[in-house]
Amino acid sequence: AFMYNALIRGFSNSETPQNSISTFSLMLNNLGLQIDSFTLAFSLKSASNIPCFRTGTQLHCQALVRGLDTHIFVGTTLISMYAECGRVEFARNMFDEIPNPNIVTWNALLTAFFRRGDAEGAERVFSLMPAKSLTSYNLMLGGYAKLGEFDLATKVFDEMPMKDEISWSTMILGLAQHGCSDKAIRYFRRLHEASLRPNEVSLTGVLSACAQAGALEFAKILHGFIEKVGLIWNTPVNNALMDTYSKCGSVDMARLVFQRMPGKKSIVSWTTLIAGLAMQGYGEEGLSLFHEMEKSGLRPD
RNA sequence: GCAGUCACUAGCGGU
């Protein structure tokens, strides 16, 4: 069972979480292996990642008959699963079933309220929490930022007892996604001045801000930084860099980044460059790149 | 008998 649990867990974070569910039913129906709390937690995570409410409910039943539904890990994953499947009421009822919720369980409930954009519900949960972790603050920050409530987000950011790289990248990304590119760049500078190392997510955020603002010079500085710290191996960062160069009108640099990408090119890498070429009037080159992509074995989405 | 799986938060492309 240990081995199968590892398999299910591996699939749950893959592109094809359905494989976890197949493995689960293989274990249960064909091999007659014992299902434990790990099996259920990992399988439920797959149900969230698909997401599939039906599968999630069936797994809930399997947990129920074994008395594992209120197991702290399984119960917490059930809350997340219902939230991901858009059933916040189910998530909430599940929370009430768990006898000794811990911080992670409370955080899962917070996430559930923000999933449907219910900031007031989340605030109630936050105020009821017997203890809060950094993740709890990051959740409030991210929830407000996603809703564009930057006064509230800034208040959380300024008042939280500590900050980690997630706090910073959440803020930068939230600002960038709401078109506040100047502020996003300002937070990125603050992060850098605080001698904290910007991570890959802050970089995609600030790059997207540069793309909006047409800040080509700053993008070049960021490019240098990315090479220096070795983030050139990170595909999403490279993709964001290409997109920024394209949108700033420097499709030559975008092409160069693409050609020199050391890491694996994803479907997004190709699409970003093709769109950039098309946008700048290099339609033919874009088309031939499209055919090259098909030859390389990737299928367009 | 013991140990081993560890649940909640942020990211890129017509979006």
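Hydrogens, waters and symmetry mates are skipped; everything else that's a heavy atom, side chains included, is used. In what follows, chains carry the letters A, B, and so on, assigned in the order in which the sequence lines appear, proteins first and then strands, with residues in each chain numbered from 1.
- In this structure, Phe73(A) places its CZ atom 14 Å from C1' of rG4(B), rounding to the nearest Å.
- A cation-pi arrangement is absent between Lys183(A) and Phe150(A), since the terminal nitrogen or guanidinium carbon is not both under 6.0 Å from the aromatic centre and inside a 45° cone about the axis.
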For side-chain hydrogen bond (donor to acceptor under 3.5 Å, both in side chains), just list the numbers for Thr272(A) and Asp243(A), CA-CA rounded to whole Å, side-chain angles, deciding distance to a tenth of an Å, and then say yes or no. CA-CA 6 Å; Thr272(A) 303; Asp243(A) 186 48; 5.6 Å; no
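- Between the C1' atom of rU5(B) and the CZ atom of Phe38(A) lies a distance of 5 Å, rounded to the nearest Å.
- Between His60(A) and Phe90(A), the gap from one ring centroid to the other reaches at least 6.0 Å.
- Residues satisfying the side-chain hydrogen bond (donor to acceptor under 3.5 Å, both in side chains) test with Tyr137(A), not counting sequence neighbours, are none.
- Of the residues in residues 50-71 of chain A, not one comes within less than 4.0 Å of RNA chain B through any heavy atom.
- Note on ring orientation: taking the six-membered ring where Trp is involved, the planes of Phe95(A) and Trp106(A) are perpendicular (angle over 60°, cut-offs 30° and 60°).
- Rounding to whole angstrom units, CE of residue Met94(A) and P of rA7(B) are separated by 17 Å.
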Heavy-atom contacts, protein to nucleotides 9-15 of chain B, under 4.0 Å, summarised as B (base), S (sugar-phosphate only) or - (none) per nt, yield BBBBBS-
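- Using a 4.0 Å heavy-atom criterion, one finds that Phe42(A) contacts the bases of the nucleic acid, with or without backbone contacts as well.
- Using a 4.0 Å cut-off between charged nitrogen and carboxylate oxygen, Glu120(A) and Arg124(A) do not count as a salt-bridge pair.
- The interatomic distance linking Ile79(A) (CD1) with rC8(B) (C1') rounds to 9 Å, in whole Å.
- Not less than 6.0 angstrom separates the ring centroid of Phe188(A) from the ring centroid of Trp168(A).
- The gap from the C1' atom of rU15(B) to that of rG11(B) amounts to 15 Å, rounded to the nearest Å.
- Comment: Arg197(A) does not engage Glu165(A) in a salt bridge, judged by the lack of any side-chain N to carboxylate O separation of less than 4.0 angstrom.
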